[in-house]
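Please read the structure below before turning to the comments.
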There are 2 protein chains.
Amino acid sequence: MRQMTIGQLSKAGGVKVTTIRYYESIGLMGEPDRSESGQRLYGDDAVHRLSFIRHARDLGFPMNAVRELMKLQTEPGSDCSAVDVIAREHLNDVRKRLSQLEALESELKRMISSCEGGEVGECRVMAALNDHSDCIAETHERVTAL
Amino acid sequence: MRQMTIGQLSKAGGVKVTTIRYYESIGLMGEPDRSESGQRLYGDDAVHRLSFIRHARDLGFPMNAVRELMKLQTEPGSDCSAVDVIAREHLNDVRKRLSQLEALESELKRMISSCEGGEVGECRVMAALNDHSDCIAETHERVTAL
DNA sequence: CCTACAGTCTACAGCGACTGTAGGGGCAAG
DNA sequence: CTTGCCCCTACAGTCGCTGTAGACTGTAGG
């Protein structure tokens with residue numbers, strides 16, 4: 001199998017067809033050869049690039065980071081520290097979100113466990129949502145992405 | 001201060017002016033009175049509604065859930081268990097994301113700590129991204145939102 | 001050969017929850 | 001009157017895709 005279609009690449013790389021086309025449209029995948037009728041044809045290198053992207057995405061790297069990592073990879077001899085910086089930044093990000101989510105979890109748990117049924121009027125969960133004070137999650141930093 | 005402008009409401013509720021207008025546009029805030037010149041004018045009840053929304057959002061509830069919670073609140077006498085269900089679902093969601101992020105964190109940590117500098121060619125981080133096996137985060141469930 | 005059906009193509013709209021921009025009008029103080 | 005901030009509408013952009021519409025292609029069976 002020298003050249004494969006986008007569907008075959010999709011299976012080989014574990015990425016949906018539409019997503020591959022999307023990656024191409026944002027310049028992550030590069031334009032492939034085309035058959036006479038205009039269908040995309042990929043070689044084995046495409047599978048590598050695709051898995052690289054998927055691995056990075058699975059690890060939660062944002063697209064920009066993936067882009068940079070790919071650039072670094074194609075510049076052989078470039079310093080590993082650049083990669084390290086990107087990875088560490090991402091790790092920081094992940095840890096930040098982790099602690100936000102942990103705070104959220106304990107707050108939700110507390111709210112739910114303090115509620116003993118009955119009508120909404122006496123519901124502790126509702127009370128917590130209505131009450132202006134008494135809120136641990138009052139960080140003013142909204143929990144955002146990932 | 002019987003009636004306040006959107007800017008004053010914004011400060012009172014800790015929500016940006018644009019966001020308040022957005023909430024209005026999606027039907028969460030209801031259309032306020034207007035001054036002769038067309039400026040929005042809010043009463044104290046608006047502050048309550050806005051803080052309710054903000055608290056729910058701070059706790060990570062998605063908009064749909066916020067909408068339902070608000071509906072439940074305005075039906076006095078409705079059963080608290082509906083609130084409970086929404087909150088528990090959200091808690092489950094939070095816990096799911098927590099465990100995904102935890103997996104991510106340890107994977108990233110492992111990757112970074114195994115890298116000892118040098119060129120990209122020998123970089124462990126890059127190796128991990130290139131290698132098809134050897135990947136804990138290979139869950140095929142991408143880490144998504146929040 | 002014909003038909004069915006799966007796969008592929010382009011182009012564009014939609015998701016969530018906002019944020020930013022452009023281009024204007026209003027309002028109080030100096 | 002002018003400065004400067006606030007307010008208005010309407011729409012585009014963010015991120016990372018996913019879904020839709022409508023047309024074409026490739027393949028397997030009859």
Side-chain angles (χ1 to χ4, degrees), chain A residues 1 3-29 31-42 46 50 53-70 90 93 97 140-146, chain B residues 1 3-29 31-42 46 50 53-68 70 90 93 97 100 140-146:
Chain A
M1 196 195 287
Q3 300 267 82
M4 60 185 111
T5 68
I6 197 170
Q8 292 165 327
L9 175 61
S10 166
K11 266 169 207 156
V15 173
K16 286 186 187 162
V17 168
T18 45
T19 308
I20 296 174
R21 284 198 282 252
Y22 168 69
Y23 287 163
E24 182 185 327
S25 80
I26 61 168
L28 267 189
M29 276 298 287
E31 300 191 358
D33 294 344
R34 297 281 185 148
S35 75
E36 267 187 39
S37 59
Q39 300 199 352
R40 290 167 179 81
L41 293 175
Y42 299 91
L50 196 51
I53 297 172
R54 188 168 68 76
H55 285 145
R57 296 288 303 129
D58 280 345
L59 285 165
F61 285 97
M63 282 312 216
N64 277 351
V66 177
R67 212 184 289 271
E68 287 187 48
L69 288 170
M70 291 183 79
H90 180 48
D93 226 60
R97 284 195 302 257
H140 282 276
E141 266 194 62
R142 190 148 292 164
V143 180
T144 49
L146 260 242
Chain B
M1 196 194 288
Q3 300 268 82
M4 60 185 111
T5 68
I6 197 170
Q8 291 165 327
L9 175 62
S10 166
K11 265 170 207 156
V15 174
K16 288 186 188 164
V17 167
T18 46
T19 306
I20 296 174
R21 284 198 282 249
Y22 168 69
Y23 287 161
E24 183 185 325
S25 79
I26 61 170
L28 266 189
M29 276 297 288
E31 300 190 357
D33 294 343
R34 298 277 186 151
S35 75
E36 266 187 43
S37 58
Q39 301 200 350
R40 289 168 180 82
L41 292 177
Y42 299 91
L50 196 52
I53 298 172
R54 188 167 70 76
H55 285 145
R57 297 288 304 127
D58 280 345
L59 285 165
F61 285 97
M63 280 313 216
N64 277 350
V66 177
R67 212 183 290 271
E68 288 188 46
M70 289 183 80
H90 180 48
D93 224 63
R97 285 196 300 258
Q100 286 180 327
H140 281 274
E141 266 194 61
R142 191 147 292 162
V143 180
T144 49
L146 259 244

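In what follows, chains are A, B, ... by sequence order, proteins preceding strands, each numbered from 1.
- For the pair B:Arg67 CZ and C:dC18 C1', the computed distance is 14 Å after rounding to whole Å.
- In this structure, the nucleotide among D:dC8, D:dT18, D:dG26 sitting nearest to the side chain of B:Gln39 is D:dC8.
- Smallest separation of non-hydrogen atoms from B:Gly14 and B:Arg54: O-CD, 3.3 Å.
- A donor-acceptor contact shorter than 3.5 Å is absent between the side chain of B:His90 and the backbone of B:Ala65.
- Separating the CZ atom of A:Arg54 from the C1' atom of D:dC17 is a distance of 16 Å, rounded to the nearest angstrom.
- Per the geometry, CG belonging to B:Leu41 stands 10 Å off P belonging to C:dC27, to the nearest Å.
- Closest-nucleotide positions on DNA chain D for B:Gly7 and A:Tyr22 were compared, and the one nearer the 5' end corresponds to B:Gly7.
- Within the 4.0 Å cut-off from OP1 or OP2 of C:dT8, at least one side-chain nitrogen or oxygen of A:Thr5 is found.
- Counting only heavy atoms from C-beta outward, the side chains of A:Ile20 and A:Glu24 never approach each other to under 4.5 Å.
- Residue B:Thr19 has a polar side-chain atom (N or O) positioned under 4.0 Å from OP1 or OP2 of C:dT19.
- Among the nucleotides D:dT18, C:dA17, D:dC7, the one closest to any side-chain atom of B:Arg57 is C:dA17.
- Protein atom CD1 of A:Ile20 is 14 Å distant from nucleotide atom P of C:dG7, rounded to whole Å.
- For B:Arg40, no side-chain nitrogen or oxygen approaches OP1 or OP2 of D:dC7 to under 4.0 Å.
- Rounded to a whole Å, the CD atom of A:Glu24 is 18 Å from the P atom of D:dG16.
- Backbone-only contact: B:Ile6 has heavy atoms under 4.0 Å from sugar-phosphate atoms and none from a base.
- Here D:dG30 sits opposite C:dC1 as a Watson-Crick or G-U wobble pair (both hydrogen-bonding atom distances under 3.5 Å).
- Comparing C:dT8, D:dG16, D:dT9 by their nearest atom to the side chain of B:Arg21 picks out D:dT9.
- D:dA23: Watson-Crick or G-U partner is C:dT8, with both key distances under 3.5 Å.
- When each of B:Thr18 and A:Arg34 is assigned the nucleotide of DNA chain C with its nearest heavy atom, A:Arg34 is the one assigned upstream, toward the 5' end.
- Among the nucleotides C:dG25, D:dG16, C:dA17, the one closest to the side chain of A:Met63 is D:dG16.
- For the pair B:Lys16 NZ and C:dA17 P, the computed distance is 16 Å after rounding to whole Å.
- Between B:Ser37 and the phosphate of D:dC7, there is no side-chain N or O to OP1/OP2 separation shorter than 4.0 Å.
- Distance CD (A:Gln8) to P (C:dG7): 11 Å, rounded to an integer number of Å.
- Judged purely by atom type and a 3.5 angstrom limit, B:Gln8 uses its side chain to pair as donor or acceptor with the backbone of B:Thr5.
- Using a 4.0 Å heavy-atom cutoff across all strands shown, B:Ser35 reaches no nucleic acid atom at all.
- Here the CZ atom belonging to B:Arg40 is positioned 4.0 Å from the CZ atom belonging to B:Arg34, to the nearest 0.5 angstrom.
- The shortest distance between the side-chain N/O atoms of B:Tyr23 and the OP1/OP2 oxygens of C:dC18 is below 4.0 Å.
- Here the shortest heavy-atom pairing between B:Val15 and B:Ser10 reads O-OG, 2.6 Å.
- With rounding to whole Å, B:Ile26 atom CD1 is found 12 Å from C:dT19 atom P.
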